[in-house]
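See structure below.
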Amino acid sequence: MSGAVGGEKEPVLLYDTTLRDGAQREGLVLSLQDKLRIARALDEFGMPAIEGGWPGSNPKDIEFFAAAKKIRWERAKLAAFGSTRHKSNRPESDPNLNALLDAETPIVTIFGKSWTLHVEAVLEASRAENLAMISESVAYIAERGREMVYDAEHFFDGYRSNRAYALEVVRVAAEAGADVIALCDTNGGMLPDEISQIVHDVLTASSARLGIHCHNDTGCAVANSMAAVAAGATHVQGTLNGYGERTGNADLVTIIANLELKKQQLVLPTNALQEAFRISHAVAEITNVAPSSRQPYVGVSAFAHKAGLHASAIKVDPSLYQHEDPSSVGNDMRM
C-alpha cells in the first residue's frame, strides 16, 4: 500500500471515526440503530473506510459488528478498533485482540503508545516492552489477513519528547505488517507548520505509509490534516461534522471539500461531493446535535450574504464574494 507508481501521486484514503471517536463528544449518545443509520449514510456518501467501534470495550459495539455482518455495504470497508495486547498477555490469549478478529471486519485498527511518559506512567511498562506489545499485536492481526492500521497515539507529543523513540514506534509497527501508521495528535495541541515538519521528517526516516489523526484543541484540526497531506500523508482520519471529545476532531466534510475543490484530489466517487450538505445534515439529525450554521461549505450560512456592498457585487458575479460554487457541495446561496 505504500509508495507511488510511476511517479504518480498516491491517492488519499479517507477513514471515518464518527461512530467511535466522534461519539466521545459531550452530550452525544448513539443507540445501536443510530450507529447503523449513520454507517449507512456514510456508505451512501462513498466513504471508503468506517470505524464501527471498539468491540472489546462495550456490548453495544459487539452488537453493532454482529448487525453489520448482515448488511451489504456498497462502498465502505468497516474497521474494528482496539488496543495493543496487555503487557501480561500473549497475543493469542489477549481478549481485546481476539475480539477484534471476531468482529470479522476487513480492516482492524489498533492503537498503542508513542510517548515515553505514557509508556512508563500509564502502561507501567518499559520502553522495550511497549515496542514488543506493538510489534506482536500488529503481526498477530496482519498475519490473519486483515488490513492493518496502526494508530500511533500521542505521536506528536511523543516525538517532541523523544524523537528517536517515536520513530522506533513507527519502524516496529511497519516491520510487523502495518499497512498504514496513523500519526495521532491526541491532545490536539499541534499547529500546521509543526505537523508538516514532523510528517516530512518521519517520511524521510521511514518508508511506511503514513496517516494523520487530528483533534481540534488549537482550532487547527482541518489545517493540520491538510498540512500532513501536503507533507506526504495518504490516509486521513476524522469525523463527520467534526464531532469528538473536547473541541472535536478534524471535520471530514471540510477536508473532503478542500481536497477535491482546492487540491483536485478525488477522494469520493465522482459527483458524491454534491451530497455533502444532505449527508452532513442527515447525520446531524440522527445525532440530535444542531448543525453549525457557520460550518464551512455545508453550513446554512456558508454562502449567505447580507444586503449592501457584498450583495450588490454578488449580483454582478458570485465569485466576487464566494470562494466556490455552493452547488458543488449541495448547498445554496442566500441573500
Original post:
Under the side chain to side chain contact (heavy atoms under 4.5 Å, CB included) criterion, do Q295 and V253 qualify, and how do the steps go?
Top reply: CA-CA 9 Å; Q295 185 177 356; V253 178; 4.2 Å; yes
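- Distance alone, capped at 3.5 Å, places no donor-acceptor pair between the S93 side chain and the N89 backbone.
- Residues I181 and A152 approach most closely at CG2-CB, 4.4 Å, considering heavy atoms.
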**OP:** Dump the intermediate steps for side chain to side chain contact (heavy atoms under 4.5 Å, CB included) on R127 and E168, then the final yes or no.
**Re:** CA-CA 10 Å; R127 297 177 186 185; E168 189 69 358; over 6 Å; no
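- Between R278 and E275 there is a salt bridge, since at least one side-chain N of the basic residue sits less than 4.0 Å from a carboxylate O of the acidic one.
- Judged as a ring-ring contact (aromatic ring centres under 6.0 Å, His included), and not counting sequence neighbours, the contacts of F111 are W54, F81.
- A salt bridge is defined here as a Lys NZ or Arg NE, NH1 or NH2 lying under 4.0 Å from an Asp or Glu carboxylate O, and R75 with E44 fails to meet this definition.
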Subject >> Trace of the side chain to side chain donor-acceptor pair (under 3.5 Å) decision for S206 with R171 >> reply: CA-CA 7 Å; S206 170; R171 184 189 68 80; over 6 Å; no
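- With hydrogens and angles ignored, the 3.5 Å screen pairs a side-chain donor or acceptor of T247 with a backbone N or O of D217.
- Under the 3.5 Å distance criterion, the side-chain polar atoms of N98 are left unmatched by any main-chain donor or acceptor of D102.
- Residues satisfying the side chain to side chain donor-acceptor pair (under 3.5 Å) criterion with N162, sequence neighbours excluded, are absent altogether.
- Contact detail for G82 and L100: the closest heavy-atom pair is N-CD2, 3.6 Å.
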**OP:** Evaluate the side chain to side chain contact (heavy atoms under 4.5 Å, CB included) criterion for residues L78 and I107: first the C-alpha distance (whole Å), next the side-chain angles of each, then the deciding distance (0.1 Å), finally the verdict.
**Re:** CA-CA 6 Å; L78 292 190; I107 304 173; over 6 Å; no
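- If you check the side chains of Q237 and D21, you find no donor sitting under 3.5 Å from an acceptor.
- For the residue pair Y15 and T109, a side-chain donor N or O sits within less than 3.5 Å of a side-chain acceptor on the partner.
- Counting only heavy atoms from C-beta outward, the side chains of V138 and V172 never approach each other to under 4.5 Å.
- Salt bridge absent: D61 and R20 never bring a charged side-chain N and a carboxylate O closer than 4.0 Å.
- There is no side-chain donor-acceptor pair under 3.5 Å between S196 and D193.
- In summary, the side chains of T105 and R146 do not present any donor paired with an acceptor at a separation below 3.5 Å, with no hydrogens or angles considered.
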**OP:** Would you check, one step at a time, whether the test side chain to side chain contact (heavy atoms under 4.5 Å, CB included) holds for E324 with V329?
**Re:** CA-CA 9 Å; E324 292 289 346; V329 292; over 6 Å; no
Original post:
Going through the distances and angles, do D325 and S328 end up as a side chain to side chain donor-acceptor pair (under 3.5 Å)?
Top reply: CA-CA 6 Å; D325 181 346; S328 64; 5.8 Å; no
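- Side-chain contact annotation: N130 with Y165, donor-acceptor N/O pair under 3.5 Å present.
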**OP:** Determine, step by step, whether R25 and E245 satisfy the salt bridge (charged side-chain N to carboxylate O under 4.0 Å, His left out) criterion, reporting the C-alpha distance in whole Å, the side-chain angles of both residues, the deciding distance to 0.1 Å, and the verdict.
**Re:** CA-CA 4 Å; R25 175 184 172 126; E245 64 180 337; over 6 Å; no
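- The aromatic ring centres of H323 and Y297 sit less than 6.0 Å apart.
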Subject >> Worked verdict on D157 versus R160 for salt bridge (charged side-chain N to carboxylate O under 4.0 Å, His left out) >> reply: CA-CA 5 Å; D157 291 308; R160 292 195 292 192; 3.5 Å; yes
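- Of all non-hydrogen atoms in L210 and V180, the two that sit nearest each other are C-CG1, 4.2 Å.
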**OP:** Take D179 and Y150 through the side chain to side chain donor-acceptor pair (under 3.5 Å) test and state the conclusion after the steps.
**Re:** CA-CA 8 Å; D179 295 290; Y150 178 71; over 6 Å; no
